[in-house]
Amino acid sequence: MLTSRRFLPSISHLAAFEAVARTGSVTAAARELDLTQSAVSRQVSALEEQLGVELFLRERQTMRLTLAGDGYAREIREALRRISSASLNLRANPHGGTLNLAILPTFGTRWLAPRLGRFLAANAGVTINLVTRLSPFDFRLDSIDAAIHFGHPHWPGAELALLMSERTVPACSPDFLKRYAIKAPEDLLAVPLLHLTTRPDAWEQWFAGNGVSFESVHGMLFDQFATAAQAAIAGLGVALLPTFLMQEEIRRGDLVAAVDREMESRERYYLAFPPERADYAPLAAFRDWIVAEATANPAV
């Protein structure tokens with residue numbers, strides 16, 4: 001069902017409005033859009049007339065958003081961003097077949113990226129764009145087709161395809177291990193621990209799984225495994241790291257097990273996607289491929 005043209009303003013009117021709303025100045029907006037100030041003013045006025053709503057309060061030489069205008073500006077800014085993104089995707093792959101995939105940074109760089117060549121070779125014409133997302137989001141409000149998710153099998157408004165589990169190990173530098181003489185799991189309560197913000201209870205689970213009583217666990221916070229691993233290598237503490245993502249550091253001896261107590265995580269890796277996109281050909285092909293790839297190359 002097509003929306004009434006009354007509620008479909010022209011892109012030029014919306015772009016002028018968004019620029020003025022963001023810069024707070026007709027002059028700055030005109031400079032950015034390469035238009036005259038009068039042209040920008042006319043477009044904003046035409047938009048207000050079309051909508052029947054005052055978007056700005058005009059005070060001498062300044063323009064200030066009304067309450068309605070402020071909310072409208074945020075929605076229009078996101079809409080223009082999505083239109084721009086769709087246009088760039090089409091230009092990059094004029095024959096179609098673009099997949100916008102949200103990834104977890106270390107999983108994306110260590111496990112997925114080295115394998116993507118095989119998928120692209122088997123699916124000529126498909127272009128994959130990778131963006132970073134650390135936590136679930138609303139697919140309806142983003143131009144993402146699918147996302148790599150680690151956690152429990154729950155993502156509101158999305159279907160989940162199971163990929164793999166993982167095993168984690170408390171890892172540190174060889175010098176750190178010598179300095180603290182760690183012999184048993186309970187010894188880790190007395191050393192600096194490195195935490196991942198997206199897994200706030202990981203250390204608690206590890207201690208509980210190893211029968212260690214504790215009151216609380218504190219330490220430095222990191223938002224990515226790669227950064228936490230580098231901090232561990234630098235001797236800043238012990239990090240609880242997935243072994244399959246840290247194989248190179250372990251092989252080189254940059255990281256060693258503080259105690260030999262690997263543990264399988266309760267959570268799993270999934271591919272999340274909105275149900276209405278399930279039959280989108282690039283997504284369907286990628287889903288089948290990554291599930292098969294994860295099955296053939298399990299982390300555990």
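None of the values given here were measured: they were computed from a predicted structure.
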Enquirer: With F150, which of F107, Y270, Y269 fulfils side-chain contact (heavy atoms from CB on, under 4.5 Å)?
Expert: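 The residue from F107, Y270, Y269 that satisfies side-chain contact (heavy atoms from CB on, under 4.5 Å) with F150 turns out to be Y269.
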Enquirer: Is there a ring-ring contact (aromatic ring centres under 6.0 Å, His included) between F214 and W206? Walk through the geometry before answering.
Expert: CA-CA 11 Å; F214 59 93; W206 187 88; over 10 Å; no
Enquirer: Does D201 come within less than 4.0 Å of R266, counting only side-chain N to carboxylate O?
Expert: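 Result for this pair is no, no salt bridge flagged.
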Enquirer: Given side chains that start at C-beta, do those of P192 and V238 come closer than 4.5 Å, heavy atoms only?
Expert: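 They are not in side-chain contact.
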Enquirer: Can you see whether Q37 engages T27 through a side-chain donor-acceptor pair at a distance of less than 3.5 angstrom?
Expert: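 Yes.
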Enquirer: With a 4.5 Å cut-off on side-chain heavy atoms, are I233 and E249 touching?
Expert: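 With C-beta onward as the side chain, the pair touches.
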Enquirer: Counting only heavy atoms not in R252, do more than 12 sit closer than 6.0 Å to its CZ atom?
Expert: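 Correct, the count exceeds 12.
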Enquirer: Does R277 count as lying over the ring of F273, i.e. NZ or CZ under 6.0 Å from the six-ring centre, within 45 degrees of the axis?
Expert: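 Checked: cation-pi criterion not met.
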Enquirer: Quick one: do D142 and R133 make a salt bridge, cutoff under 4.0 Å?
Expert: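 Salt bridge: yes.
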Enquirer: Would you mind reporting whether Y72 and L14 have side-chain heavy atoms less than 4.5 Å apart?
Expert: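 A side-chain contact exists here, since the closest heavy-atom pair is under 4.5 Å.
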Enquirer: Dump the intermediate steps for side chain to side chain contact (heavy atoms under 4.5 Å, CB included) on T197 and F222, then the final yes or no.
Expert: CA-CA 6 Å; T197 55; F222 299 86; over 6 Å; no
Enquirer: Name all residues meeting the side chain to side chain contact (heavy atoms under 4.5 Å, CB included) criterion together with R74; count only those two or more places apart in sequence or in a different chain, and write none if there are none.
Expert: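 Checked R74 against side chain to side chain contact (heavy atoms under 4.5 Å, CB included); matches are D70, R77.
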Enquirer: Which one of S10, S38, S12 satisfies the side-chain contact (heavy atoms from CB on, under 4.5 Å) criterion with Q43?
Expert: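 Answer after filtering S10, S38, S12: S12.
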Enquirer: With heavy-atom distances below 4.5 Å as the criterion, would you say the side chains of E293 and R118 are in contact?
Expert: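 Yes; the side chains approach each other to less than 4.5 Å.
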Enquirer: Would you say the side-chain atoms of S25 and T23 include a donor-acceptor pair closer than 3.5 Å?
Expert: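 No, because no side-chain N or O of S25 sits under 3.5 Å from a partner of the opposite role on T23.
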Enquirer: Is a salt bridge present between E186 and R261, judged by a nitrogen-to-oxygen distance below 4.0 Å?
Expert: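 Looking at E186 and R261, the cut-off is not met.
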Enquirer: Evaluate whether atom CZ of R64 has more than 12 neighbouring non-hydrogen atoms of other residues, nucleotides or ligands under 6.0 angstrom away.
Expert: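 Atom CZ in R64 is not crowded, with 12 or fewer foreign heavy atoms closer than 6.0 Å.
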